[in-house]
Amino acid sequence: MSKSLIKIKPKKYKDGEVVKVNFMVMHPMDTGMGKDKKTKEIIPAKYINSVKFEYNGKVITTMNVWESLSVNPVFTTSMKINGAGKLSVTFTDSTGEVNEASIKIKPKG
Amino acid sequence: MQRRDFFKKVGAVVAVSAVIPAMSFAADAKKTVSKNAMSYATALNAITGGKTPTASDKVKLKVPEIAENGAVVPVTVNVDSPMTDADYVKAIHILTSKNFNARTIDIHLTPANGEAMFSTRIKLGGTQDVVAVIELSNGEFLIASQSVKVTIGGCG
């Protein structure tokens, strides 16, 4: 399991407003080229290769990712608020591990 | 055999035996290349399908000119676009010119994003260019690039 967190900026938003969505993951993003300093063995590749943002069941953003993203990557994108509901993010890594995170969308005013 | 010749020969043998392991070590290091290795030219061709992207001031690529640590280089791309159903940014591709895999991330956007912006942090193996290729909904490609000087490489 990779820990992940979704943040919406600004915290208070209205319907129809364009907000920034900040998605952070705790992930090693190993390229498959680095070596363990103690054992001198090559660390196998393990990196996120796809990210999908869904808002109330509708796919709004998809990403194809390769290994040159930093350790514990941050993905910041924008989103137009269109009613209350749920924003969920699914991400898959190169070893086939699938994780999901979600946040409730509650526009005010 | 004279003493002078003897020392010359011994010296040559020592020098060669010191060089050989160093060479084989270098060859080993080169073997650990990812199966994803892709050059910048191939990557750009795969994205645009042979079309030439045009440089445009609509694309704003924000990367530091000097990155002290190549493992964490912040990259922000902003595209001036109305993001309506008729005219929107279809995809943002971030490429690097000298990393072993030129492709870093592709972001596929929809009009529901409201604004064409993306920000992340990438790894750079050395001093090179960071390139953003933008695909518009009408099939056009825009490009922006900036060179980044890396003091300590961050790959592997």
Side-chain angles (χ1 to χ4, degrees), chain A residues 9 13 16-25 27-37 40-83 85 87 94, chain B residues 28-38 43 46-47 67 69-79 81 83-84 89-96 98-125 128 130 154-156:
Chain A
K9 287 179 184 178
Y13 42 82
E17 199 177 323
V18 176
V19 294
K20 280 186 179 141
V21 181
N22 211 329
F23 175 57
M24 288 170 262
V25 200
H27 199 279
M29 294 299 281
D30 287 320
T31 58
M33 291 168 82
K35 280 182 183 172
D36 193 311
K37 276 177 187 165
K40 307 281 178 198
E41 277 174 13
I42 292 173
I43 304 166
K46 179 178 165 76
Y47 55 91
I48 294 173
N49 52 18
S50 79
V51 182
K52 190 167 77 177
F53 285 70
E54 270 175 289
Y55 179 30
N56 286 344
K58 194 186 162 202
V59 177
I60 57 168
T61 313
T62 53
M63 297 173 195
N64 301 335
V65 187
W66 286 272
E67 53 276 70
S68 5
L69 235 60
S70 293
V71 174
N72 302 339
V74 178
F75 306 87
T76 309
T77 177
S78 58
M79 185 182 94
K80 197 172 188 179
I81 301 290
N82 186 15
L87 174 73
S94 58
Chain B
D28 278 351
K30 276 184 185 171
K31 271 180 198 163
T32 60
V33 166
S34 160
K35 58 180 177 179
N36 285 344
M38 195 189 254
I47 291 166
N69 182 2
V72 185
V73 183
V75 178
T76 304
V77 185
N78 266 299
V79 190
S81 163
M83 294 301 274
T84 55
V89 174
K90 220 173 174 182
I92 300 174
H93 308 266
I94 297 176
L95 305 177
T96 52
K98 278 178 193 162
N99 272 5
F100 69 94
N101 181 5
R103 298 191 85 163
T104 303
I105 183 164
D106 292 354
I107 306 103
H108 300 277
L109 302 171
T110 57
N113 284 98
E115 195 182 311
M117 76 79 63
F118 181 75
S119 166
T120 190
R121 301 188 297 217
I122 65 170
K123 283 185 275 207
L124 292 177
Q128 56 187 304
V130 173
C155 267

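Chain identifiers are assigned alphabetically (A, B, ...) following the order of the sequence lines, protein sequences preceding nucleic acid strands; residue numbering begins at 1 within each chain.
S68(A) places no side-chain N or O within donor-acceptor distance of the main-chain N or O of K123(B), the cut-off being under 3.5 Å.
When the shell of 6.0 Å around NZ of K20(A) is examined, it contains 12 or fewer heavy atoms from other residues, nucleotides or ligands.
In terms of non-hydrogen atom pairs under 4.5 Å with chain A, the most contact-rich of I107(B), I94(B), V73(B), T104(B) is T104(B).
In this structure, CE in M24(A) is found 9.0 Å from CZ in R121(B), a value given to the nearest 0.5 Å. Atom CZ of residue F118(B) and atom OG1 of residue T61(A) lie 9.5 Å apart, to the nearest 0.5 angstrom. The structure places OG1 of T110(B) at 12.0 Å from OH of Y55(A), a figure rounded to the nearest 0.5 Å. A distance of 5.5 Å separates CD1 of I60(A) from CG of N113(B), quoted to the nearest 0.5 Å. One distance of note links CG of L109(B) with CE of M63(A); it measures 7.5 Å at 0.5 Å rounding.
Neither the backbone nor the side chain of V51(A) comes within contact range of chain B, judged by heavy atoms closer than 4.5 Å. Looking at N64(A), the atoms closer than 4.5 Å to chain B (heavy atoms on both sides) sit in the backbone and in the side chain alike.
For the side-chain contact (heavy atoms from CB on, under 4.5 Å) test with T120(B), the passing option among T77(A), L69(A), V65(A), T76(A) is L69(A); the others fail.
Of all the heavy atoms in S78(A) and E115(B), the pair that sits closest is OG-O, 2.6 Å. For S70(A) against A71(B), the heavy-atom pair with the smallest separation is OG-O, 2.7 Å.
For the pair M38(B)/W66(A), no side-chain contact is recorded, criterion being any heavy-atom separation below 4.5 Å from C-beta on.
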